[in-house]
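As structure tokens, the structure follows; a few thoughts come after it.
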Amino acid sequence: MVRTDDDIDIDNFVDTETEPEPKKLKSIEEVVTPLPPKPKSNKNSKKKSKGNNVWTKSASKRGKKRTKSVTAAVAENEDNVLITPVHRLDRNDDSAEMSVCLSKVYKAEKVELSEDRMSAGSCKGYRMVRATRGVSEGAWYFEIKVVSLGESGHTRLGWCNEKGDLQAPVGYDGNSYGFRDVDGSKVHKAVREKYGEGGYGEGDVIGFYVNLPDGERYAPKAAQLVLYKGQKYAYANDAKEEAPKVVPGSEICFYKNGICQGSAFKDLNGGRYYPAASMYTLPNQSNCVVKFNFGPDFEAFPEDFGERPIPRPMVEVPYHGFDGSIQNGVSNEKH
């Protein structure tokens, strides 16, 4: 029979399996031994002996208060700095000697790049890759050719800023703007809206135009960076992010085989915008593949931009070093 705690009388319980039966005593003297008298305490001697011990730290209240006040004063004078790791610096990803191409660092793991880093494919659901260089001011243009969609492939192509989610399609959040192949809809913040004249497919060349007039005035302040063992860290004295500022007159347009599909997005937030692509294919099927062209020789460059400023090819975007300074190419992005 298994006993529970509720079955046991705690007051009268004796574990006979582990304890011997107690022996009867003849008298109380057999087990009780008188205690020796307490020695008389000498307060002065106790203090003296404690004071003579060099290993004993002072525990006076005055000392504790002084230590606490000094510590509090130091804490008040300390600067609280927010440190955030940035993608690990890979000098092979971009340099002053290289031209703009697709980034090996700013891409989802499942996105595969060609050897020249101008083509990208994915077969593991929507994933994003962006270019190594972006723009924050002026009018710019690049192209993407849809090489292969496969049996189940789809694409969302466009622009993203530095905070674009690489594990999601272009247009998934407020940091990217996409053009969808299925019906040609535009996508931003995961909301699809009717746009253009139908979708696009294999063999089509899609053009991407962005205009950011005086965009540098509205761009967020550049992060203060430190480099430690090849890892970049951004630090700030205030954890609050700066509220985005809208660039007046800013616009994104998409082109299909050289024909403008209309104005897709206006009043963009200030920031640096990168060419981006996301591909989707069901598992165990051939990759959906697209090929970038940053110029200057475009396959389907528009003949007429209307009243919009004539864009420059993305190949002319200069390389920005670790500190943000331009290390090759033109001195600014305005012209």
Side-chain angles (χ1 to χ4, degrees), residues 90 92-94 98-134 140-160 164-172 176-187 192 195-196 198-210 252 254-259 261 264 273-301 313-315:
D90 186 348
N92 294 322
D93 194 46
D94 193 16
M98 299 174 64
S99 181
V100 59
C101 58
L102 299 179
S103 174
K104 297 185 298 183
V105 176
Y106 294 97
K107 77 175 188 65
E109 182 181 358
K110 299 301 181 180
V111 173
E112 300 174 359
L113 302 181
S114 60
E115 188 174 349
D116 63 359
R117 291 164 59 187
M118 298 299 287
S119 297
S122 175
C123 63
K124 296 292 184 181
Y126 266 130
R127 299 290 186 273
M128 190 196 301
V129 60
R130 81 182 200 199
T132 52
R133 301 177 189 177
W140 298 87
Y141 181 89
F142 74 97
E143 288 180 350
I144 295 179
K145 184 172 185 177
V146 182
V147 177
S148 174
L149 288 176
E151 298 178 9
S152 59
H154 296 289
T155 64
R156 294 186 186 182
L157 315 172
W159 300 88
C160 78
D165 190 347
L166 301 175
Q167 304 300 332
V170 180
Y172 170 76
S176 58
Y177 302 81
F179 185 30
R180 188 169 177 252
D181 73 301
V182 175
D183 54 5
S185 58
K186 60 181 182 180
V187 190
R192 298 195 302 265
Y195 170 79
Y200 56 87
E202 289 185 2
D204 286 330
V205 177
I206 309 304
F208 302 86
Y209 174 95
V210 66
I252 285 177
F254 300 118
Y255 293 76
K256 177 181 175 182
N257 300 321
I259 300 175
Q261 302 299 293
Y273 287 83
Y274 298 79
S278 55
M279 293 70 63
Y280 169 85
T281 309
L282 290 176
N284 303 320
Q285 294 190 6
S286 58
N287 279 7
C288 170
V289 180
V290 298
K291 184 175 183 179
F292 283 70
N293 182 355
F294 299 112
D297 299 321
F298 293 108
E299 186 174 342
F301 191 73
M314 285 293 297
V315 72

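Positions are given from 1, in the same order as the sequence printed here.
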Open item on the list: I'd like to check the side-chain hydrogen bond (donor to acceptor under 3.5 Å, both in side chains) partners of Arg130; sequence neighbours left out, ordered by chain and number.
Closed with: none
Task: Test salt bridge (charged side-chain N to carboxylate O under 4.0 Å, His left out) applied to Asp204 - qualifying residues, sequence neighbours left out - done: none
TODO: Kindly write out the residues that satisfy side chain to side chain contact (heavy atoms under 4.5 Å, CB included) with Gln285, not counting sequence neighbours, or none if the list is empty.
DONE: Glu151, Ser152, Thr281, Leu282
Task: Ring centers of Tyr141, Phe298 separated by less than 6.0 Å - done: yes
- [ ] Only one of Tyr274, Tyr209, Phe142 passes side-chain contact (heavy atoms from CB on, under 4.5 Å) with Trp159; say which it is.
- [x] Phe142
- [ ] State the CE-NZ distance between Met128 and Lys107, to the nearest 0.5 angstrom.
- [x] 13.5 Å
Task: Side-chain donor/acceptor of Tyr177 to backbone N/O of Ala264, under 3.5 Å - done: no
Task: From CG (Leu157) to CD1 (Ile144), nearest 0.5 Å - done: 4.5 Å
TODO: For Ser103, enumerate each residue passing the side-chain hydrogen bond (donor to acceptor under 3.5 Å, both in side chains) test, keeping only those at least two apart in sequence or located in another chain.
DONE: Asp93
TODO: Applying side-chain hydrogen bond (donor to acceptor under 3.5 Å, both in side chains), name anything that partners Gln261, two or more places apart in sequence or on another chain.
DONE: none
TODO: Could you tell me the separation between the CZ atom of Arg117 and the OG atom of Ser99, rounded to the nearest 0.5 Å?
DONE: 10.5 Å
Task: Distance-only polar pair, side chains of Asn293 and Glu299, donor-acceptor under 3.5 Å - done: no
Open item on the list: The criterion is salt bridge (charged side-chain N to carboxylate O under 4.0 Å, His left out); which residues satisfy it with Lys291, sequence neighbours excluded?
Closed with: none
Task: Under 3.5 Å donor-acceptor, Asp181 side chain and Thr155 backbone - done: yes
Task: Any Pro275 side-chain heavy atom under 4.5 Å of Phe292 side chain - done: yes
